[in-house]
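Every chain is numbered from 1, with letters handed out A, B, ... down the list of sequences.
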Amino acid sequence: MSEPKENVLMEKIVSLCKRRGFVYQSSEIYGGIQGFWDYGPLGAELKRNVKELWWSTMTRLRDDVVGLEATIIMAPQIWRASGHVDTFCDPMCDCLLTKKRFRADQVEPQSGNVFWFIGAMETEAFEECRNLIQENPNQFTCSVEKVVSLLEAGRLVELSGDLAASMQSRDSESPFSVPKLLLKLGPHYFKEYAVMLPPGKPPESARKTALQYYSKLGIKAPKLLGERVEKVENSTRFNPENGSLLTPPVPFNLMFKTYVGPTATEEDVAYLRPETAQAIFAQFKNVLETSRQKVPFGIAQVGKAFRNEVTPRNFTFRSREFEQMELEFFIKPDEAVEVISGAVATPKGAGHPGEPQPSWGWQIWHQYWVEERIKFYEGIGLPRTTLEEYWQKPEELAHYARACVDILFKFPFGTQELEGIAARSDFDLSQHARFSGKTMGVFDEDLRTAWGKLDDAKKKDVSERYYQARLRYLTKSGVEQAKAEKQAKEDAEGLAKGQYIPHVIEPSAGVDRLILALVANAFSEVTTTDDKGKSETRVVMKFHPRVAPIKVGVFPLLKNKPELIAKAKEVFESLRGHMMAFYDDAGAIGRRYARQDEAGTPFCVTIDFDTLGEKPELLNTVTIRHRDDGKQERLPIAELQGWLLARIR
RNA sequence: GCGGGCGUAGCUCAAUGGUAGAGUUCCAGUCUUCCAAACUGGCCACGUGGGUUCGAUUCCCAUCGCCCGCUCCA
């Protein structure tokens, strides 16, 4: 996955990005800041194109999706309701021996004998100290045995403090002076460590583990000091795999915290959103009431999100400040669909299920969105062969998710997630209903009408299933049984009156990841050899014309002819209002083409002497040069704009 | 957060305990003709902070950043 060749490719991509102004490191002049990236001129255009394509595909070209633009900082209760405050602040601890990281609340409690060590020192230094003491009994007022036992127990405070009083010599140059003795002890002699042994295991294995630990600290041949044994019940302070002591739990704060208002007390704490989705849920009722939409419909949002990633890696792939393009598509619960349509339509095999139908249940809606999203990626130049679909296994799903498909891209550093399309049931709206006390249910005329036509057996059956589904959610969320049953009963009665909490399908994509995928996919190298046999490698960024930062380069063939320049500028001015165009007259024409190849500009227009009428039949025509094969064709200036627009939209 | 590697011009790479050099890019100019042409001229660098030293880009320490592995990935 990370073979040298692929790392080299990634390095080339990073270097190109910086060199041509796609991506810079944030705050670079101050040494940079990990996990933050800026987009340069070309990157900004590329990103804007991608976001605008997403937006128009998802909202403007659809009848059933509307937009939202919410704030980054919201009421902190939102993040309690969403579960982020809890899950983003897991206390973590590390194994002192293997450095493996654990979530403190997920360590298995264990019982057994704990072997504590006060420290360790080099065996050689220990022996030397002991021999020195034993061979000079007359240097101490107390017994030599006592001094040695203090040494073995690692009770160095006493060795260096109390013991000093019992030494005969007060001469600091004497080999028995405190400083001289301490010097002999060597490094790392008082780092406390412990190993938990399950009952029945020999103490030797605890010592062996401890020796490993101290030798990792840099003691070559450790002599363990101050061993003592303690019986411990149900402790989570030890690594279940090897018994090693863990570091004390440290809270991991994965959300960015800030304070709202002039005072900075706990009361004022707020968070920068870690995802854009929650605002959509929080504003669901407002949008429903003001957009004249009815379920099924969606709300789309593009915006920044912030996560304190443990390890920002792989260029912009995992950034701490990033941008998301999220859709929450609200659908009727399957029970409601069943009542209205008589039966719930489920997927018939793989592939796009076609135009949405009233009978669709959540599974087919989910598949629909997976296929829609892949279609989008294909439309901006990521062939299906570069993508992978990953259906999360039941045990990988978050507890509220019914299904989740990751759309992965084959990055040079590995196949990684571009977008997740989750079927999230009615979890999110239910959470916000519970936490805010506001209703998140919708009224569905069709449902009420259809319900009236059901026979009693069917009513009872559907009602019972909806009741069970609601009860499952409520009890899982920690609502006490009696209350949960009462609420679920109300919900089931609501269904009979045409009310329900919508379920949701969530296609959630990372803009920056997509940009990186587009850049990696577009990157290609062309090696040419000239007449003198000198070969050189040039980079061509093969962006799809729809996303390319610059759509067209406009050049006068030569710089020193004012007529050419005037005509070229005229052509440039006629295009720039319609697309991102770039005028360049610096250097030889081949150099200008090469520069545009690196920027990924799909078309270059050159104004030459024929344009000015040197060959009368070519008057007011220009050459258009194609980026990917270098081929040229000749076109009247009057047709240029239409020709280009047809290819960049 | 841990372990390993790296840090000289926009890029690729030199040299040096005593004024840092080349190619390329970039900028300006010459040239009537299409794929980084040639020629002329020009701009630009020792990641940061300490220490050792008369003097540090060079030696030492710390720090920051990047890359790789581990860890994390709601």
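- With respect to R625(A) and D597(A), a salt bridge is recorded, a charged nitrogen being found less than 4.0 Å from a carboxylate O.
- Taking every side-chain heavy atom of N560(A) into account, U32(B) is the closest of C68(B), C72(B), U32(B).
- Nucleotides U33(B) and G65(B) are separated by 48 Å at their C1' atoms, to the nearest Å.
- As the counterpart of G7(B), C64(B) is assigned, both hydrogen-bonding distances of the Watson-Crick or G-U wobble pattern falling under 3.5 Å.
- The listed nucleotides are C35(B), C66(B), C68(B); the one nearest the side chain of Q34(A) is C66(B).
- Whole-Å rounding puts the D628(A) CG to C35(B) P distance at 18 Å.
- By the salt bridge (charged side-chain N to carboxylate O under 4.0 Å, His left out) test, R80(A) pairs with no residue at all, sequence neighbours left out.
- The listed nucleotides are C72(B), G65(B), C67(B); the one nearest the side chain of E11(A) is C67(B).
- Atom P of nucleotide C73(B) and atom CG of N314(A) are separated by 17 Å, given to the nearest angstrom.
- Considering only side-chain atoms of L558(A), the nucleotide from C35(B), U33(B), C66(B) that sits closest is U33(B).
- Rounded to whole angstrom, the span from the CD atom of Q324(A) across to the C1' atom of C73(B) amounts to 14 Å.
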* Applying salt bridge (charged side-chain N to carboxylate O under 4.0 Å, His left out), run through E598(A) and R538(A) and close with a yes or a no. => CA-CA 8 Å; E598(A) 268 195 344; R538(A) 296 186 294 112; over 6 Å; no
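- For the salt bridge (charged side-chain N to carboxylate O under 4.0 Å, His left out) test, no residue two or more places apart in sequence or in another chain qualifies with E275(A).
- G55(B) makes up no base pair with any nucleotide shown, lacking Watson-Crick or G-U wobble contacts both under 3.5 Å.
- Between E326(A) and T276(A), the side chains place a donor N or O and an acceptor N or O closer than 3.5 Å (distance only, hydrogens not considered).
- With U32(B), C34(B), A36(B) as the candidates, the nucleotide lying closest to the side chain of T606(A) is C34(B).
- Straight-line distance between the C1' atoms of G29(B) and C35(B): roughly 23 Å, to the nearest whole Å.
- The side chain of K18(A) approaches G10(B) more closely than any other nucleotide in the set A36(B), G10(B), U33(B).
- At distances below 3.5 Å, at least one donor-acceptor pair connects side-chain atoms of R307(A) with backbone N or O atoms of P274(A).
- Ring geometry, F411(A) versus F409(A): the interplanar angle exceeds 60°, so the pair is classed perpendicular (tilted spans 30 to 60°).
- Across all strands shown, C2(B) pairs with G69(B); the Watson-Crick or G-U wobble distances both stay below 3.5 Å.
- Rounding to whole angstrom units, CD1 of residue I565(A) and C1' of C31(B) are separated by 14 Å.
- Between the side chain of Q596(A) and the base of A36(B), no donor-acceptor pair of N or O atoms lies under 3.5 Å.
- Under the Watson-Crick or G-U wobble criterion, with both distances below 3.5 Å, A22(B) is paired with U12(B).
- For C46(B), there is no paired base (Watson-Crick or G-U wobble, both distances below 3.5 Å).
- Set against C35(B), C66(B), C31(B), the side chain of W37(A) has C66(B) as its closest nucleotide.
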Each nucleotide N or O in nucleotides 25-29 of chain B that has a protein N or O under 3.5 Å away: list the pair and distance.
{"from": "U25(B)", "atom 1": "OP1", "to": "R591(A)", "atom 2": "NH1", "distance (Å)": "3.0"}
{"from": "U25(B)", "atom 1": "OP1", "to": "R591(A)", "atom 2": "NH2", "distance (Å)": "2.8"}
{"from": "C26(B)", "atom 1": "OP1", "to": "R595(A)", "atom 2": "NH1", "distance (Å)": "2.7"}
{"from": "C26(B)", "atom 1": "OP2", "to": "R591(A)", "atom 2": "NH1", "distance (Å)": "2.5"}
{"from": "G29(B)", "atom 1": "OP2", "to": "K559(A)", "atom 2": "NZ", "distance (Å)": "2.9"}

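- Between D512(A) atom CG and C73(B) atom C1' the separation is 16 Å, expressed in whole Å.
- G41(B) and C27(B) make up a base pair, with Watson-Crick or G-U wobble contacts both under 3.5 Å.
- Listed by chain and residue number, nothing satisfies the side chain to side chain donor-acceptor pair (under 3.5 Å) test with W643(A) (two or more places apart in sequence, or in another chain).
- Searching all strands for a Watson-Crick or G-U wobble partner of U32(B) with both distances below 3.5 Å returns nothing.
- In this structure, L42(A) atom CG and G10(B) atom P are separated by 18 Å, rounded to whole Å.
- Under the 4.0 Å criterion applied to side-chain N and carboxylate O atoms, R634(A) and D608(A) are assigned as salt-bridge partners.
- Across all strands, Q25(A) comes closer than 4.0 Å only to sugar-phosphate atoms, never to a base (heavy-atom distances).
- Counting any heavy atom pair closer than 4.0 Å across all strands shown, F315(A) reaches sugar-phosphate atoms only and no base atom.
- Positionally, the nearest nucleotide of RNA chain B for E598(A) lies more toward the 5' end than for the other of E598(A) and Y400(A).
- Of the candidate nucleotides U32(B), C66(B), C35(B), C35(B) has the atom lying nearest to any side-chain atom of Y593(A).
- Straight-line distance between the P atoms of A20(B) and U58(B): roughly 14 Å, to the nearest whole Å.
- Spacing between C13(B) and G17(B) at atom C1', rounded to whole Å, works out to 23 Å.
- Neither side chain, T386(A) nor Y377(A), offers a donor N or O lying under 3.5 Å from an acceptor on the other.
- If you take atom P in C67(B) and the same atom in U30(B), they sit 44 Å apart, rounded to whole Å.
- Comparing C54(B) with U40(B), their P atoms are spaced 47 Å from each other, to the whole Å.
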* Kindly indicate, with the supporting measurements, whether the criterion salt bridge (charged side-chain N to carboxylate O under 4.0 Å, His left out) is fulfilled by K569(A) and D585(A). => CA-CA 10 Å; K569(A) 285 200 165 153; D585(A) 61 18; 5.3 Å; no
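- Listed by residue number, the members of residues 607-621 of chain A with any heavy atom below 4.0 angstrom from RNA chain B are D608(A), F609(A), E614(A).
- Using C1' as the reference atom, U19(B) and U71(B) are 49 Å apart when rounded to the nearest Å.
- The distance from atom CG of L557(A) to atom P of A37(B) is 14 Å, rounded to the nearest whole Å.
- Partners of R627(A) by salt bridge (charged side-chain N to carboxylate O under 4.0 Å, His left out), not counting sequence neighbours: none found.
- Ring planes of F603(A) and H626(A): perpendicular class, angle over 60° (limits at 30 and 60°).
- Within the nucleic acid shown, R592(A) has no heavy atom closer than 4.0 Å to any nucleic acid atom.
- C68(B) sits 25 Å from C61(B) when the C1' atoms are compared, rounded to a whole Å.
- Separating the CD1 atom of I13(A) from the C1' atom of C11(B) is a distance of 17 Å, rounded to the nearest angstrom.
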